[in-house]
Amino acid sequence: MSIKERFPDGPEPLYLVDGTSFLYRGFYAYPDLQRSDGMPTNAIFIVLRILLRILREERPKYLGFIMDGKGPTFRHELFEPYKAQRPRMPEDMAVQIDPLREAVQLMGLHLLVSEGVEADDCIASLAARHKEERPVVIVGSDKDLKQCLDEQVVLWDPAGKREKVTTLDIFCEETGLTPAQWPDFQALTGDSSDNIPGIPGVGPKTAEKIMAQAATLEDLRDGGAERLPDKLRAKVTEHMEKVFLYRELTRMRTDCCEEHGLEQLRVQPLHTDDLFDFLTTFEFRSLARDLRSMVPEAPTAAEPVAAATGQASLFGTAAPVPSVPPLTLHKAEQPDQLPNPDDALVGLVSMDNGLRIAVQSREEIGSEQQYTGSLPELIDYLARARTVVCPDVHDLLRSDAAWDALPLERWFDLSLAAYLLNPEERNYSWDRLHQSLFQSDPDDPEGHEPADLHPDAQAGAALLYLERVRPKLHAANLETLLRDVELPLLPVLAAMERQGIHLDKQAFRAFLDEVQERIDELTKEIHELAGENFNIRSSQQMAVVLFDKLGLKPAGKTPGGALSTANQVLEKIRSAHPIVEAILQFRMLEKLRSTYLAPLPRLMDDNGRLHTHFNLTATATGRLSSSGPNLQNIPIRGPQGKRMRACFTATPGNLLAAADYSQIELRVLAHFSQDPALLDAFAQDEDIHSRTAALLFDKDSPQAVSGEERRSAKTINFGLIYGMGPQRLARELQVPLSEAKSFIERYFERLATLKAFYDTIVEDAATHGYVTTLAGRRRLLPGLHSRNQQMVSQAKRQAVNTVIQGSAADVIKLAMLAAHQDTVLQELNAPLILQVHDELLLEASESVALQAGERLVEIMQNVTELRVPLRVDMGVGHNWAEAH
DNA sequence: GCGAAGCA
DNA sequence: TGCTTCGC
């Protein structure tokens with residue numbers, strides 16, 4: 001939704017862009033971006049990208065682009081330290097300002113330079129002046145700007161991955177304040193980036209309390225402070241005078257920039273040719289592309305446009321692929337003029353402004369087009385093709401369930417292909433894959449030159465990418481995995497995501513209230529024990545209080561060298577001071593609150609359900625990941641964990657069934673290693689940790705093992721699975737490093753077959769450069785040949801870990817596919833709704849949930865045959881806790 | 001060990 | 001960005 005759509009039918013909104021803040025942000029966000037002659041262009045790039053996006057998506061009629069002037073402002077006169085800690089603007093940024101101004105004007109936008117005041121003041125003034133007659137959209141991120149919010153004034157931060165819109169309502173809900181109170185609030189807390197100190201020890205939480213007693217600083221001075229606790233009152237009174245000054249600094253003026261009337265802010269037509277030249281001169285190819293997509297008549301690049309020129313064809317090497325005719329962006333009446341797709345390859349790329357299509361048949365590569373027809377028609381059309389090549393099928397399936405209609409065998413997913421070839425890249429976005437076409441790749445056995453490809457040819461580029469990636473997949477034996485597992489999993493995941501899981505809002509709310517109350521109590525208690533108010537969430541402040549002020553003995557350091565306040569460290573000094581206990585409690589509850597209790601309810605849909613994203617290309621081992629929200633790390637242990645999971649419920653009339661593989665990783669390990677002890681233990685369905693403990697501690701039977709011994713064995717068993725090093729093991733077991741090392745030695749002595757297996761994997765990895773899992777998934781391990789011993793050890797552990805964990809991931813993926821396709825579950829109307837690595841959740845009506853759960857167990861247990869049986873535990877209940 | 005997420 | 005903590 002564009003911002004504009006929030007104000008339907010009214011007058012045209014005025015957009016005010018905080019240029020300076022985006023200038024800084026761009027400068028630091030993309031430190032390396034520069035023109036080929038070395039001129040830094042990062043700040044210009046970001047700002048122009050944002051502006052182009054605003055023009056494209058918002059089509060504003062009135063817009064002001066506001067930048068700070070050069071000189072000092074009235075704030076520096078009021079308060080000498082103001083922004084004093086800020087270094088002078090870096091030279092690399094300064095040189096970008098003039099070109100940026102030029103570009104802004106070429107875009108037909110009105111540029112305001114604030115002299116003697118800051119850009120913020122200018123924005124506040126313009127907003128105040130125009131908000132009565134029309135909506136105002138402030139485009140920026142500075143939190144000072146929140147004081148401008150009003151019924152008709154919204155704050156929009158478009159940069160970054162998740163854009164943010166702040167309205168008056170959101171602001172009030174988040175802070176409990178009115179925008180007019182915001183400067184008072186900021187004066188109390190201070191602002192480190194502007195070098196405004198605020199009252200020491202007063203953070204947002206305390207400031208909130210103060211503001212609850214006194215709505216303004218004046219109220220506070222004239223008696224409001226009396227209502228505060230003694231210590232706080234003393235502090236407030238002491239700083240009262242200065243706080244008024246701070247407010248002057250954060251409060252924005254609303255009486256400047258008077259010379260800029262509405263007419264001057266009217267957006268003018270783009271100077272298309274000049275702007276295009278500008279973008280070309282600064283080598284902003286993607287921006288030039290954006291511009292062309294906005295203005296079809298914009299000039300195309302000088303060089304001839306050719307996709308895949310001279311590249312080997314998919315249809316053999318005989319005929320060179322014909323070059324693509326120059327692209328024109330049809331605004332067209334489709335799909336009548338799309339070429340015949342029968343048995344052709346179709347490239348399909350989803351861009352911001354729509355779908356792009358290129359068709360490659362035996363005869364020719366058609367020109368690339370923007371698709372503007374209906375989705376069902378497109379799907380019918382694509383169904384006739386041989387293969388539809390798409391950079392992110394998951395994204396399409398998510399966007400519209402109609403895509404499920406396209407037969408699975410049609411799809412080819414480029415991100416999946418790239419992921420399977422090397423699962424350790426962190427980014428498989430089309431942006432990235434597309435870029436890689438233009439770089440020569442030393443690892444490419446085909447020795448492709450960088451593509452000579454028109455930047456506009458997105459769908460054409462997808463076809464080219466396919467040509468490059470297919471031989472690699474073939475060589476790596478990954479085609480089957482892609483075709484039979486990963487790709488078919490996409491609709492399964494999309495269906496699970498759409499289904500979502502129901503959250504009991506009332507129960508959650510009650511939980512949150514209790515936790516919040518306890519957190520408040522603990523905060524008070526900790527501050528009293530410490531003798532001062534400090535930010536308990538800040539590990540740095542905490543270290544000062546504990547180790548300097550209270551003189552406790554630090555029991556460890558962070559990797560960075562700072563004194564650590566990690567829980568494990570605090571546990572050690574638990575008895576040294578009562579504050580430690582309180583802090584540990586606080587930490588636990590605060591984690592619970594900030595990670596789960598507070599954010600999850602906000603993510604619920606109208607039916608009270610949460611929809612996560614299951615990502616198939618996120619982990620190096622082949623596991624799924626879950627995000628937005630992450631439903632794979634919901635607490636389970638302890639009373640809180642149980643209560644939390646009890647909030648995940650079936651909708652009334654339904655039940656949840658939870659089925660989890662028992663010890664799947666250790667079973668996989670037993671399968672691969674064929675260790676007799678492990679095989680036997682699983683064949684007898686014995687407790688595996690007791691069994692290893694008996695071996696480790698020379699016990700005649702697993703029954704003779706003590707609880708402590710079993711725990712040690714369990715830790716090292718898991719250590720092996722997770723590729724834990726001796727350091728980590730020592731920490732987990734709370735024993736010296738030497739002891740952990742000898743413990744590992746003994747483990748491998750007693751389980752010699754495991755040792756042999758471990759060695760085989762490492763050898764294998766060293767010869768091939770990679771390891772493979774049960775389903776043929778690969779992970780490259782270049783670290784194995786590093787000169788750095790630590791890297792080598794890590795790579796060895798990763799090798800073992802990947803084989804075990806990745807194979808387990810393969811198994812459950814197969815189970816998910818089987819469950820999704822299972823006709824029994826389909827007839828029972830029992831869809832999968834969640835996967836948590838070794839656990840599957842389904843929801844079904846009360847009458848059939850148990851039956852469905854049992855069917856799921858059957859599917860999971862029989863999905864593949866290992867040398868040990870697969871065991872699945874299952875439970876049914878009204879909520880996730882009960883079902884376990 | 002790995003991935004997601006909150007916080008300073 | 002680094003630190004911390006949750007899950008597996």
Side-chain angles (χ1 to χ4, degrees), chain A residues 28-29 31 161-162 189 191-193 203-205 423-424 426 534-543 556-571 583-584 586-600 603 612-638 640-641 644-645 660-666 668 717-729 731-732 779 783 793-806 808-809 812 834-840 880:
Chain A
Y28 291 107
K161 217 167 53 190
R162 267 198 118 83
T189 59
D191 182 339
S192 56
S193 66
K205 281 276 170 269
E424 253 167 315
R426 56 182 191 291
F534 67 102
N535 187 345
I536 308 171
R537 292 168 186 83
S538 156
S539 52
Q540 287 160 31
Q541 291 186 33
M542 163 109 51
K557 297 197 170 178
T558 67
L563 294 180
S564 169
T565 61
N567 276 0
Q568 286 210 325
V569 176
L570 293 189
E571 305 265 358
I583 288 172
L584 286 170
F586 176 95
R587 282 252 180 97
M588 183 185 68
L589 295 175
E590 175 58 18
K591 174 85 186 176
L592 213 57
R593 188 195 65 79
S594 70
T595 314
Y596 308 105
L597 294 172
L600 287 189
L603 297 169
T612 185
H613 278 46
F614 286 111
N615 199 333
L616 210 42
T617 60
T619 72
T621 55
R623 278 184 170 184
L624 297 181
S625 86
S626 154
S627 59
N630 180 353
L631 294 183
Q632 290 183 323
N633 70 346
I634 303 298
I636 182 165
R637 282 179 264 278
Q640 272 101 352
M644 173 85 60
R645 291 205 174 196
D660 64 292
Y661 281 110
S662 157
Q663 313 281 17
I664 187 168
E665 277 132 338
L666 287 172
V668 166
N717 277 338
F718 272 99
L720 193 67
I721 294 170
Y722 291 147
M724 201 184 273
Q727 289 90 351
R728 175 74 186 265
L729 185 68
R731 199 154 52 103
E732 295 281 324
R779 179 176 185 183
S793 305
Q794 183 175 345
K796 285 182 182 176
R797 294 196 299 269
Q798 285 174 340
V800 177
N801 173 234
T802 300
V803 173
I804 300 171
Q805 204 176 90
I812 196 159
L834 222 56
Q835 189 253 41
V836 191
H837 304 309
D838 63 355
E839 172 184 4
L840 290 176
W880 200 2

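Letters A, B, ... mirror the listed sequences (proteins, then strands); counts begin at 1.
- Of the possible donor and acceptor atoms, none in the side chain of A/T612 sits under 3.5 Å from a partner among the backbone N and O of A/N630.
- DNA chain B is contacted by both A/E424 and A/P629; A/E424 maps to the nucleotide lying nearer its 5′ end (nearest heavy atom per residue).
- If you check every strand for non-hydrogen atoms under 4.0 Å, A/L592 touches nothing.
- Here C/dC3 presents its P atom at 15 Å from NZ of A/K591, a figure rounded to the nearest Å.
- Backbone-only contact: A/I634 has heavy atoms under 4.0 Å from sugar-phosphate atoms and none from a base.
- Protein atom CE of A/M588 is 12 Å distant from nucleotide atom P of C/dT5, rounded to whole Å.
- Contact check for A/Q632 versus A/R623: no side-chain heavy atoms found under the 4.5 Å cut-off.
- When DNA chain B is scanned in the 5' to 3' direction for atoms under 4.0 Å from non-hydrogen atoms of chain A, the outermost contacting nucleotides are B/dG1 to B/dA8.
- Remark: side-chain polar atoms of A/Y596 are paired, donor with acceptor, to backbone N or O of A/N633 under 3.5 angstrom.
- Using a 4.0 Å heavy-atom distance criterion, A/N615 is classed as making no nucleic acid contact.
- In this structure, A/I583 places its CD1 atom 14 Å from C1' of C/dT4, rounding to the nearest Å.
- Two residues are said to be in side-chain contact when any heavy atoms from C-beta on lie closer than 4.5 Å; A/R779 and A/T621 meet this criterion.
- Of the candidates A/L834, A/T595, A/V836, A/L600, A/I634 forms a side chain to side chain contact (heavy atoms under 4.5 Å, CB included) with just one, namely A/L600.
- Heavy atoms of A/R623 sit under 4.0 angstrom from at least one base atom.
- A/R728 comes within 4.0 angstrom of a base, heavy atoms only.
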Worked check of side chain to side chain contact (heavy atoms under 4.5 Å, CB included) between A/I536 and A/E590: CA-CA 10 Å; A/I536 308 171; A/E590 175 58 18; over 6 Å; no

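- As judged by a 4.0 angstrom heavy-atom cut-off over every strand, A/T621 is placed among residues making no nucleic acid contact.
- In terms of phosphate contacts, A/R587 brings a side-chain nitrogen or oxygen within less than 4.0 Å of OP1 or OP2 of C/dT5.
- Atom C1' of nucleotide C/dT5 and atom CZ of A/F586 are separated by 14 Å, given to the nearest angstrom.
- Residue A/A620 is in sugar-phosphate contact alone, with no base atom involved, counting any heavy-atom pair closer than 4.0 Å across all strands shown.
- Atom OH of A/Y596 is separated from atom P of C/dC6 by 7 Å (rounded to the nearest Å).
- A/R731 comes within 4.0 angstrom of no nucleic acid atom, judged by non-hydrogen atoms across all strands.
- You'll find the side chain of A/E665 stays beyond 4.5 Å of the side chain of A/D838, heavy atoms only.
- Remark: C1' of C/dC6 and CG of A/N633 are 5 Å apart, rounded to the nearest angstrom.
- The CD atom of A/Q805 sits 7 Å away from the C1' atom of C/dC8 (whole-angstrom rounding).
- Rounding to whole angstrom units, CD1 of residue A/I636 and C1' of C/dT5 are separated by 16 Å.
- Between the A/N801 side chain and the A/I721 main chain, a donor and an acceptor come within less than 3.5 Å of each other.
- At a threshold of 4.0 angstrom between heavy atoms, the contacts of A/R593 are confined to the sugar-phosphate backbone, with no base atom among them.
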